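Note that the coordinates shown come from a computational prediction; the quantities given were computed from them, not determined experimentally. Count residues from 1 along the sequence. Only heavy atoms go into these numbers, but all of them, side chains included; no hydrogens, no water, no symmetry mates.
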Amino acid sequence: MAKAAILEKPGEGLVIGDVEIADPAPHEVLIDTKACGLCHSDLHFIDGAYPHPLPAIPGHEAAGVVRAVGSEVKTVKPGDHVVSCLSAFCGHCEFCVTGRMALCLGADTRRGADGAPRITRNGGELVNQMLNLSAFSEQMLIHEHACVAIDKDMPLDRAAVIGCAVTTGAGTIFNAAKVTPGETVLVVGCGGVGLAAINAAKIAGAGKVIAADPLPEKRELAKVLGASHTVDAMADDAAKQIIEISGGGVHYGIEAVGRQASADLAVASLRRGGTAIILGMMPLDCKVGLGAMDLLSGKKLQGAIMGENHFPVDLPRLVDFYMRGLLDLDTIIAERIPLEDINKGFDKMREGHSARSVVVFD
């Protein structure tokens with residue numbers, strides 16, 4: 001029996017209740033969850049902007065300790081400290097074998113519809129697992145290809161935010177953009193993902209790192225994480241300011257919010273040949289585009305789901321960056337809260353004034 005935050009109905013918050021977790025199948029790992037970050041992607045499901053079968057347990061930015069493993073698990077063992085990742089990979093589809101693991105649809109990493117569910121309640125009622133993880137729970141039962149072992153000296157509350165925000169933001173810099181030292185990077189939106197991208201751009205040696213956000217306190221956080229310049233994203237001349245700061249436009253414009261206006265700002269701020277990378281989960285009816293002159297100028301537009309990560313390699317490296325003092329996860333975390341306060345945490349997220357909230361389990 002495990003305590004979990006369950007989404008019963010969109011728009012009505014999460015309900016704390018007990019669930020039963022199944023025993024691990026051959027390739028599954030049972031994890032005692034120690035920390036889980038609150039991510040805007042969760043909020044899209046909680047508020048009903050994106051659909052999902054219900055009831056379900058959200059949460060996908062987690063770290064914990066392995067309690068038990070299935071008979072075929074080779075990658076982790078009981079007692080290992082692990083970070084989970086929602087982009088579970090099968091290892092044999094077209095995307096996996098061509099090195100694009102984050103695009104794997106991961107069908108083989110879930111239990112089939114005819115199999116017993118991983119999570120139930122009330123003596124057998126199905127509780128849907130969200131994004132292969134359902135981490136707002138004292139325990140997770142996941143496929144071995146949805147987690148990776150990390151250095152046991154790494155604090156698990158900080159390790160948790162690597163699982164989504166940092167993997168997405170930093171991965172975009174290192175994997176999708178492959179920023180070359182001296183290139184100019186714009187990050188629109190200074191939440192957890194945006195701050196991680198700013199931090200990674202500094203690590204990568206970007207010449208100028210420009211942070212755009214409407215809130216002064218977020219822009220100040222961005223400076224702590226490595227932004228060389230900041231701009232009010234809501235200013236009428238925001239794009240003009242960015243183009244002036246960067247000497248003709250940025251090499252990479254990274255959208256880290258999920259709003260039409262912020263995506264448009266990322267595109268409008270590009271130099272010739274520049275690339276806009278959209279990370280945020282935008283409303284499903286949104287479209288981002290390049291105009292005729294953008295195309296004639298060689299500009300590019302792309303998505304980068306989960307930072308195009310190779311998480312079994314990337315996550316331990318990001319942990320090492322933190323341990324060496326390069327990656328600043330302490331500033332990204334604004335507060336640590338118990339599971340019972342999770343709805344208050346999401347209320348703070350809706351207000352938009354602070355960085356990451358992290359649920360910490362006993």
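Across all their heavy atoms, I337 and G345 have their closest contact at CD1-CA, 4.1 Å. Closest approach of G91 and C96 over heavy atoms only: N-SG, 3.2 Å. Residue V288 comes nearest to L301 through the heavy atom pair O-CD2, 3.5 Å, listed as atom of the first residue, atom of the second, then distance. The nearest pair of heavy atoms linking E144 to E72 is OE2-O, 3.8 Å. Minimum heavy-atom separation, P155 to Y322: CD-CE2, 4.0 Å. Shown here for R158 and R336, the closest heavy-atom pair between the two residues is NE-NH2, 3.9 Å.
Contact of the L86 side chain with the M306 side chain is registered, since non-hydrogen atoms from C-beta on lie closer than 4.5 Å. A heavy-atom distance below 4.5 Å is found between the side chains of K348 and E335. Within the 4.5 Å cutoff, side-chain heavy atoms of C147 are placed close to those of I142. Taking the side chain as every heavy atom from C-beta outward, V250 and L270 approach each other to under 4.5 Å. Two residues are said to be in side-chain contact when any heavy atoms from C-beta on lie closer than 4.5 Å; P316 and V148 meet this criterion. L318 has its side chain within reach of F174: a pair of non-hydrogen atoms, C-beta onward, lies under 4.5 Å apart. Looking at R271 and E183, their side chains never come closer than 4.5 Å, going by heavy atoms from C-beta outward. I203 is listed as a side-chain neighbour of L327, based on a closest heavy-atom distance under 4.5 Å.
V83 and I333 end up in the same hydrophobic cluster when Ile, Leu, Val, Met, Phe, Trp and Tyr side chains are linked at under 4.5 Å. Under the 4.5 Å side-chain heavy-atom criterion for grouping Ile, Leu, Val, Met, Phe, Trp and Tyr, L131 is connected to Y50 within one hydrophobic cluster. In the hydrophobic clustering of ILVMFWY residues, with side-chain heavy atoms under 4.5 Å counting as a link, I242 and M234 come out apart. The same ILVMFWY cluster, assembled from side-chain heavy atoms under 4.5 Å apart, contains both L295 and I278. Residues V65 and L315 share a hydrophobic cluster, clusters being chains of Ile/Leu/Val/Met/Phe/Trp/Tyr side chains in contact below 4.5 Å.
Counting only N and O atoms by type, the side chains of E255 and S262 include a donor and acceptor under 3.5 Å apart. For the residue pair D108/H27, the side-chain donor-acceptor check at 3.5 Å is not satisfied.
A donor-acceptor pair under 3.5 Å is absent between the side-chain atoms of R219 and the main chain of A212, judged by distance alone. A donor-acceptor pair under 3.5 Å is formed between the side chain of D328 and the backbone N or O of T331. Checked by atom type and distance alone, the side chain of D151 pairs as donor or acceptor with a backbone atom of D153 at under 3.5 Å. A donor-acceptor pair is defined here as one N or O able to donate and one able to accept, closer than 3.5 Å; no such pair exists between the side chain of H52 and the backbone of M130. A donor-acceptor pair under 3.5 Å is formed between the side chain of D80 and the backbone N or O of K77. Side chain of E138 to main chain of F361: no donor-acceptor pair is present (N/O by atom type, distance under 3.5 Å, no hydrogens or angles). With hydrogens and angles ignored, the 3.5 Å screen pairs a side-chain donor or acceptor of R356 with a backbone N or O of L38. When atom types are taken as modelled, the side chain of T33 and the backbone of S137 share a donor-acceptor pair closer than 3.5 angstrom. Distance alone, capped at 3.5 Å, places no donor-acceptor pair between the D157 side chain and the A35 backbone. Remark: the backbone N or O of I57 is paired with a side-chain donor or acceptor of S134 at under 3.5 angstrom.
Atom CD in Q129 sits 5.0 Å away from atom CZ in R118 (nearest 0.5 Å). Summarising the geometry, atom CD belonging to E8 is positioned 9.5 Å from atom CG belonging to L14; distances are rounded to the nearest 0.5 Å. Going from atom CG of N175 over to atom CD of E308 covers 7.0 Å, rounded to the nearest 0.5 Å. Between the SG atom in C85 and the CD1 atom in I162 there is a gap of 11.0 Å [rounded to 0.5 Å]. Note that the OG atom of S84 and the NE2 atom of H143 stand 14.5 Å from one another [nearest 0.5 Å]. I173 contributes atom CD1, which lies 7.0 Å from atom CD1 of I277 (distance to the nearest 0.5 angstrom).
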Chi angles and distances behind the side-chain contact (heavy atoms from CB on, under 4.5 Å) call for L30, Q139: CA-CA 7 Å; L30 179 65; Q139 289 189 325; 4.0 Å; yes

Residues E125, T120; criterion side-chain contact (heavy atoms from CB on, under 4.5 Å); working and verdict: CA-CA 5 Å; E125 178 195 350; T120 57; 5.8 Å; no

R110 and N132: CA distance, side-chain angles, deciding distance, side-chain contact (heavy atoms from CB on, under 4.5 Å) verdict: CA-CA 7 Å; R110 297 185 287 273; N132 292 307; 3.0 Å; yes

Full working for side-chain contact (heavy atoms from CB on, under 4.5 Å) between Y252 and T172: CA-CA 10 Å; Y252 296 98; T172 296; over 6 Å; no

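By the 6.0 Å contact criterion, CD1 on I305 is open, its count of non-hydrogen atoms from other residues, nucleotides or ligands being 12 or less. Heavy-atom contacts from other residues, nucleotides or ligands closer than 6.0 Å to NZ of K218 number more than 12. No more than 12 heavy atoms of other residues, nucleotides or ligands shown are found within 6.0 angstrom of CZ on R272. When the shell of 6.0 Å around CE of M1 is examined, it contains more than 12 heavy atoms from other residues, nucleotides or ligands. Surrounding NZ of K9 are at most 12 heavy atoms belonging to other residues, nucleotides or ligands under 6.0 Å away.
Remark: R350 engages D347 in a salt bridge, criterion side-chain N to carboxylate O under 4.0 Å.
For F89 and F95, the distance between ring centers is not under 6.0 angstrom.
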